[in-house]
Amino acid sequence: MNQTNGVAQAANPTTLAKALNMGLRASMEADPKVLVMGEDVGKLGGVFRVTDGLQKDFGEHRVLDTPLAESGIIGTAVGLAMRGYRPVTEIQFDGFVFPGFDQIVSQVAKLTFRTQGAVRMPLVIRIPYGGGIGAVEHHAEAPESYFCHIAGLRVVTCSNASDAYFMIQQAISCDDPVVFFEPKRRYWEKAPLDVATAPGGMFSSVVRRPGTDVTVVSYGPSMPVLYAAADAAAVEGKSLELIDLRSLSPLDLGPVLESVRKTGRLVVVTEAPREASVSSEIAARVTEEAFYSLAAPVLRVAGFDVPYPPSKLEEYYLPDLDKVLDAVDRSLAF
Amino acid sequence: MNQTNGVAQAANPTTLAKALNMGLRASMEADPKVLVMGEDVGKLGGVFRVTDGLQKDFGEHRVLDTPLAESGIIGTAVGLAMRGYRPVTEIQFDGFVFPGFDQIVSQVAKLTFRTQGAVRMPLVIRIPYGGGIGAVEHHAEAPESYFCHIAGLRVVTCSNASDAYFMIQQAISCDDPVVFFEPKRRYWEKAPLDVATAPGGMFSSVVRRPGTDVTVVSYGPSMPVLYAAADAAAVEGKSLELIDLRSLSPLDLGPVLESVRKTGRLVVVTEAPREASVSSEIAARVTEEAFYSLAAPVLRVAGFDVPYPPSKLEEYYLPDLDKVLDAVDRSLAF
Amino acid sequence: MVDLQPTVSRAVEHEAEKWGGVGVGATPTQAIPSPQQVIEGLRATSRGDDLIQILSPEGVLTPDPDYPIDVDAALLRGLYRDMVLVRRFDREGNALQRQGQLSIWVPLLGQEAAQIGAGRALRPSDMAFPSYREHGIAWCRGIDPTELLGIFRGTDHCGWDPVKTGFSGYAIVIGNQVLNATGYAMGQRLDGKVGSAADGENEATIAFFGDGATSQGDVHEAMVFAAAYDAPVVFYCQNNQWAISEPVARQSRVPLFHRARGYGFPGVRVDGNDVLACLAVTRWAMDECRSGNGPVLVEAFTYRMDAHTTSDDPTRYRQADEAQAWKLLDPIERVKVHLARSGMADSSFFDEVDGEADALAVRFRAHCIAMQVPPPERMFSHVYSEPNAQLDRQQAEFLTYLAAFDDIPVAGAR
Amino acid sequence: MVDLQPTVSRAVEHEAEKWGGVGVGATPTQAIPSPQQVIEGLRATSRGDDLIQILSPEGVLTPDPDYPIDVDAALLRGLYRDMVLVRRFDREGNALQRQGQLSIWVPLLGQEAAQIGAGRALRPSDMAFPSYREHGIAWCRGIDPTELLGIFRGTDHCGWDPVKTGFSGYAIVIGNQVLNATGYAMGQRLDGKVGSAADGENEATIAFFGDGATSQGDVHEAMVFAAAYDAPVVFYCQNNQWAISEPVARQSRVPLFHRARGYGFPGVRVDGNDVLACLAVTRWAMDECRSGNGPVLVEAFTYRMDAHTTSDDPTRYRQADEAQAWKLLDPIERVKVHLARSGMADSSFFDEVDGEADALAVRFRAHCIAMQVPPPERMFSHVYSEPNAQLDRQQAEFLTYLAAFDDIPVAGAR
Ligand SMILES: Cc1ncc(C[n+]2csc(CCOP(=O)(O)OP(=O)(O)O)c2C)c(N)n1
Ligand SMILES: Cc1ncc(C[n+]2csc(CCOP(=O)(O)OP(=O)(O)O)c2C)c(N)n1
Ligand SMILES: [Mg+2]
Ligand SMILES: [Mg+2]
């Protein structure tokens, strides 16, 4: 598998942030229409260094440090996309996307439909998201559900370096607008990256670990929590099947339904608040489509319906090993 | 019931818009801290005339025609609320709330939590919503799901004149921020209004019609569709129990669960797009809490996951009698 | 000219200069004139002396050396014809709405010069981002008036191809298209279409918005970005004095073109009822942008002669005599007077244009009435450019469901 | 004074006047100087001659008749003490972060004068809306520095009562608090707290934000609303030259205080490292607002001497010699020099203040280290002011779940 053109490729351990950086670089090299724009993405390389070195190598006309205004970033990116560019915008933290919300809802998501395909919107909105980094207010949110509710957008997220590298390139080459969520607390986690072997399209969910007793699905920052939970459950003799959704809109529920038909039980894990969310949607849809297979209702381990708490409390807020195991047990006890 | 203080009150047929106007007036009379603000709410009385005559009677300092900026309207209302006022802001149409989204997410919803109760946010955001009026783009959206996902907000909606009159006053006297959705295509529908008899708190859902075969829940603009569907179903010998949610956040699922325990079947009807929405939440939660009572999965008649279409197509987009009956049949056939 | 609004006294304005136009002195608690009075006075945002005008309401032509323009019969007759035709189909739009053929119409009556002047200053390679009232700009971009009808009849959200026509879709959320225009202009600069020695290679973008829109954050951010990137974009604000029921004084204390001062780029005010001035000033502004001196703000001082839309009732908020006064400043009349007086045109020309206008109206109406309702699957088409299995399935399920109603005529059965 | 940035030539500035400060002439395609050069030059947003200064970096005091202020020993000693103490706990904040006691600290180093000057201009009945760097304003509002720690240690989002202290919570989403401030000021006016003959009755609001924040739509809308309602609000922009890694030239071609010109209210630029000028100008601005002449924009021209936050690495984007140059303009040094030279204070005073500062630092540190993690139910408290059954149930379920871990120390077990 790790071979291309007969040459063995080393699957180097790479951080997720570095993999994104490499992916961005690859896209910029491949297509001169790809631009990177956002606050501090230039000399600084972004506060997480995801765009490190890009301005130096591609110039200020390809990597734009923008004025401090998110509606401005997204709104001008729309115009650039109309002009034939493929802008990759960066929102510095999850909590700062909301000043740009109208542009996303009213222009980014609707332009192609409004013009019946005459205008395409190959625009990427990168958003580092999620908690667990001890940050101050507005720096630890999981706002993905809002975007899943916006027709016309696509919403994806990566959970490891390989997906980061490939999915960001797929997002950039997609002719539709893609909101690309990056699990910021996993930026510095290393995983093998084999740049020669793409892991498949970004809109498909992937079974990360096969199992037989309970299906557990999640995405992005919570995937490592799932791995730990599966290990712990295995010790107790419970076999969890783990699915990484990768795409939150559209949802690729095929593998989930297949799994649920086998296990009869599903736990959805997400940092996003519970109410009217992507986890609600998964629960509702899976129940609709696999009603007779379910031995228990779909259970959710989600963020509470509270503003994100001060960071010393975030360990209570976030899904963790114990919460997942508790939900698994509750599902099995049904 | 239509009696207070021994005096019989006439339950006058009143339009929903007029009832709102009367309710606003009553609140302004009762409390000098109540302000009305928005675009064209003064001399014009709002494009739907909901604030008709209020500026004339209460003055320009209580009814403010604002500059054309939604973030400005909501953001200044936040400051006025901190100062002890109870601002009632009007967003002219559903599609125009998004420029104010950051203020809602980051200030309105979080201030009380941020300050541990030191700052209260008695602020109302009135939004005429929904389709069916033959309008141009951005004038027929059902954006309630976004707001249900925002912790710290309350989201309610009225479906008739009596609720309109009382709920707007309850919203204004609530110390929490309330997003108040008004079913614009029902503005001109008349219903009995007895100003002496309050229909109960705005956070409780209400069984509008008892029935035995299938529970159908909805709110706001779709309630009349439910009534028609129940009539049609009755002809075919099917008995629908109809519930008007009234509050979308928090959801009052008590009556729904009680009903579902009886009928075993639930159909949720809403104009809002389906994905990651308030209808997903209802389906997920009811399934969690009444799993063994359900004879069929919760079915949803919702807006499609597309941008709101040109108005000549909206009859296809919107929930209607046939769609509700179809879902009822599918539920019964499960 | 009719002076429609109180003019700030010279003395106050002088005192005001220190603050770039507002008359609050540096000395605190200064008593005379009262701050209230000063502010109220300044609020009037009167037309003022800064107005660039070439053709007076009386039809007198006075060249402006800063905005040179060669006026010949062909030009003036063309502009006259444009304005008459645009006004004619605009009136027809109103009538079609009244007769139930359109759900709504957004009239441009009174703004013909502001639009035709700007529209005729554009080259095919330029790009325009309209708001929703720019039927005159659409006309100049070569969009047939019938292509506008779908939006108002409810059969589509945009009847033309923005890229091919150089005319973006109508934008309804006030102000947000101005940022898109700025981004597009940034792209023109990135493409090397600015400041080239071969002027024919150069391009610029023009963004249309109203007086009310100036209050929106997006319009500000557009100006900030445009200034930051020297974007070749003309911010063309049609100040028609009203944002639905709110007078422009609700949005600003000072004339709107002053906004440019805060960002450090040129801002000018032109008589928006003078098609020659609008043309000359917009040409200048577009040239500035093309040669690298963008952005530029142009405030076209005009008047919304009709209601905000056919749904609006202006009698609730403004006096009829205001519209009467503006009638004397009519954008078409002054051109007609000049054409006639100068001998550039005679009655046969005017008759010919009227005939053309009538024919256009007939065609416009006939087209409108014959418009088909699109099929239901249109609702799902082009939501995405690439396939989306989730949505395809929603569509398939819905069409299957619809098929069950086969015997009933589908549209109308729901 | 050290001239930190290139100054635009007088000639260009003169030519520029026509556009309120930018040097693009009315003649299109004008060739010399190149538009690029002109714009680059103007972009420098140099300090310029407009800077209001009372106490020079060398400690020389020159009264400004427009902004009169009675300077006596008590005043100057007080301001000195404020600045030294604020700087001391600010440095301690940095240290605590380095030692793992805080997750982050936002240093104010270099901005002590801009903040103490403004803070000491406020009355108890005034209201202030900070951004996140306003530790000096907090100090002046009577908030104990230890109350700031919760935000940076992660135990709370706001450790004080905004209403009681007249100091709103720290606002982190850039710019949005400026609208809240404007609304609050509108409330002060509605309450009749503006323009009263009894000046003691009058109130005003001050909104703090940075140079970067000026680009946000919300800041624009705040200025639009404030102008529309004559709100008694001072827009106090601390231009510390940087928005993280972006220089102020990225946000504006022209000095930021020029923004006021576009809205028609006063805008001034003050030496933000001169505590007396900041005090005098802010007093004047607040008085203007209290007496009904609001709003007012004040740009305090200063410098962020430290990193953006303890997470930032400024070596990646700015030269060390820039900070060195600004060191010569230190806000505290010049006061010390003046106090000493004028005999208003001697070394015993300086020693006393230093001792007080050390004691404050010790107390600050001790408080920080002893801070308790709040209990988990804190997460659910005050999300709403009124009961919410749905959330109460989430809380109850979670606490029940947690109780099962009773044997394990709760915090840290997850
Ligand atoms: C964001 C937003 N808010 C409110 C509206 C409703 N609305 C439509 S037109 C209008 C007034 C616009 O005034 P102006 O910008 O002066 O343009 P004009 O209509 O006069 O051409 C308003 C408030 C809207 N379309 N978008
Ligand atoms: C809406 C928003 N976007 C981005 C950020 C991230 N951010 C935090 S501070 C900052 C720079 C702010 O610069 P400035 O306004 O000059 O204030 P300063 O930090 O220099 O005091 C940025 C981009 C934010 N907090 N909010
Ligand atoms: Mg207007
Ligand atoms: Mg700064």
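Convention: sequence-line order gives letters A, B, ...; per-chain numbering from 1.
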Exercise. Which one, A272(A), P273(A), G100(A), leads in non-hydrogen pairs under 4.5 Å with chain B?
Worked result: P273(A)
For this session: Heavy atoms only, distances under 4.5 angstrom: which of S249(B), A109(B), P143(B) has the most pairs with chain A? Name it, please.
Result: S249(B)
Problem set entry | Residue among S71(B), P297(B), P309(B) with most heavy-atom pairs under 4.5 Å to chain A | P297(B)
Exercise. Sub-3.5 Å donor-acceptor pair from the side chain of T76(A) to the main-chain atoms of I73(A), do we have one?
Worked result: yes
Exercise. Any sub-3.5 Å donor-acceptor pair from T112(A)'s side-chain atoms to V119(A)'s backbone N or O?
Worked result: yes
Exercise. How would you list, in number order, the residues of residues 252-264 of chain A that have a heavy atom less than 4.5 Å from chain B?
Worked result: none
Problem set entry | Residues of residues 148-156 of chain A contacting chain B, heavy-atom criterion under 4.5 Å, by residue number | C148(A), H149(A), I150(A), A151(A)
Exercise. Picking from F101(B), F334(B), F304(B), which has the most non-hydrogen pairs under 4.5 angstrom with chain A?
Worked result: F101(B)
For this session: Measure across Y219(A) and R246(A) and return the closest heavy-atom pair with its distance rounded to 0.1 Å.
Result: CB-N, 4.3 Å
Problem set entry | Nearest-0.5 Å distance that lies between atom OG in S222(A) and atom CG in L318(A) | 7.5 Å
Problem set entry | Donor-acceptor under 3.5 Å (S331(B) side chain, A327(B) main chain) | no
Exercise. Is any side-chain heavy atom of F147(B) closer than 4.5 Å to a side-chain heavy atom of I125(B)?
Worked result: no
Exercise. How long is the gap from CG on L245(B) to OG on S218(B), to the nearest 0.5 Å?
Worked result: 7.0 Å
Exercise. Between SG of C174(B) and CZ of F180(B), what distance do you get to the nearest 0.5 Å?
Worked result: 12.0 Å
Exercise. Between D94(B) (side chain) and A140(B) (backbone), is there a donor-acceptor pair under 3.5 Å?
Worked result: yes
For this session: Quickly, which of K184(A), E39(A), Q92(A) forms a side chain to side chain contact (heavy atoms under 4.5 Å, CB included) with V47(A)? Name it, please.
Result: Q92(A)
Exercise. Is there any residue in residues 129-137 of chain A with a non-hydrogen atom under 4.5 Å from a non-hydrogen atom of chain B, and which ones are they?
Worked result: E137(A)
For this session: Taking the side chain as every heavy atom from C-beta outward, state whether F181(B) and P221(B) have any atom pair closer than 4.5 Å.
Result: no
For this session: Could you grab the distance from atom CG of D244(A) to atom OG of S204(A), nearest 0.5 Å is fine?
Result: 10.0 Å
For this session: Indicate yes or no: at least one non-hydrogen side-chain atom of R114(A) is less than 4.5 angstrom from one of L111(A).
Result: yes
Problem set entry | V298(A) versus chain B, the contacting section by heavy-atom distance below 4.5 Å | backbone
Exercise. Given the options K110(B), E70(B), R274(B), which has more heavy-atom pairs under 4.5 Å with chain A than any of the others?
Worked result: K110(B)
Exercise. Is there side-chain contact between R265(A) and D213(A), with heavy atoms separated by less than 4.5 Å?
Worked result: no
Problem set entry | Reported CZ-to-OG1 distance for the pair R120(B) and T115(B), which is rounded to 0.5 angstrom | 10.0 Å
Exercise. Based on non-hydrogen pairs under 4.5 Å, which of D305(B), V105(B), L299(B) is most in contact with chain A?
Worked result: V105(B)
For this session: With the side chain counted from C-beta on, respond yes when Q103(B) and F98(A) share a heavy-atom pair under 4.5 Å apart, and no when they do not.
Result: no
Problem set entry | side chain to side chain contact (heavy atoms under 4.5 Å, CB included) between M82(B) and M121(B), worked out | CA-CA 7 Å; M82(B) 287 180 73; M121(B) 262 302 117; 3.8 Å; yes
Problem set entry | Straight-line distance of F203(B) CZ to L248(B) CG, nearest 0.5 Å | 11.0 Å
Exercise. Is there a side-chain contact between I91(A) and I74(A), using heavy atoms and a 4.5 Å cut-off?
Worked result: yes
Exercise. Taking non-hydrogen atoms and a cut-off under 4.5 angstrom, which of residues 275-294 of chain A neighbour chain B?
Worked result: E275(A), A276(A), S277(A), V278(A), S280(A), E281(A), A283(A), A284(A), R285(A), T287(A), E288(A), F291(A), Y292(A), L294(A)
Exercise. Given that the side chain runs from C-beta out, which part of Y146(A) has a heavy atom under 4.5 Å from chain B: side chain, backbone, both or neither?
Worked result: both
Problem set entry | Y308(B)-H138(B) aromatic ring centre distance below 6.0 Å | no
For this session: Count the heavy-atom pairs under 4.5 Å between each of P310(A), A296(A), G95(A) and chain B, then report the option with the highest count.
Result: A296(A)
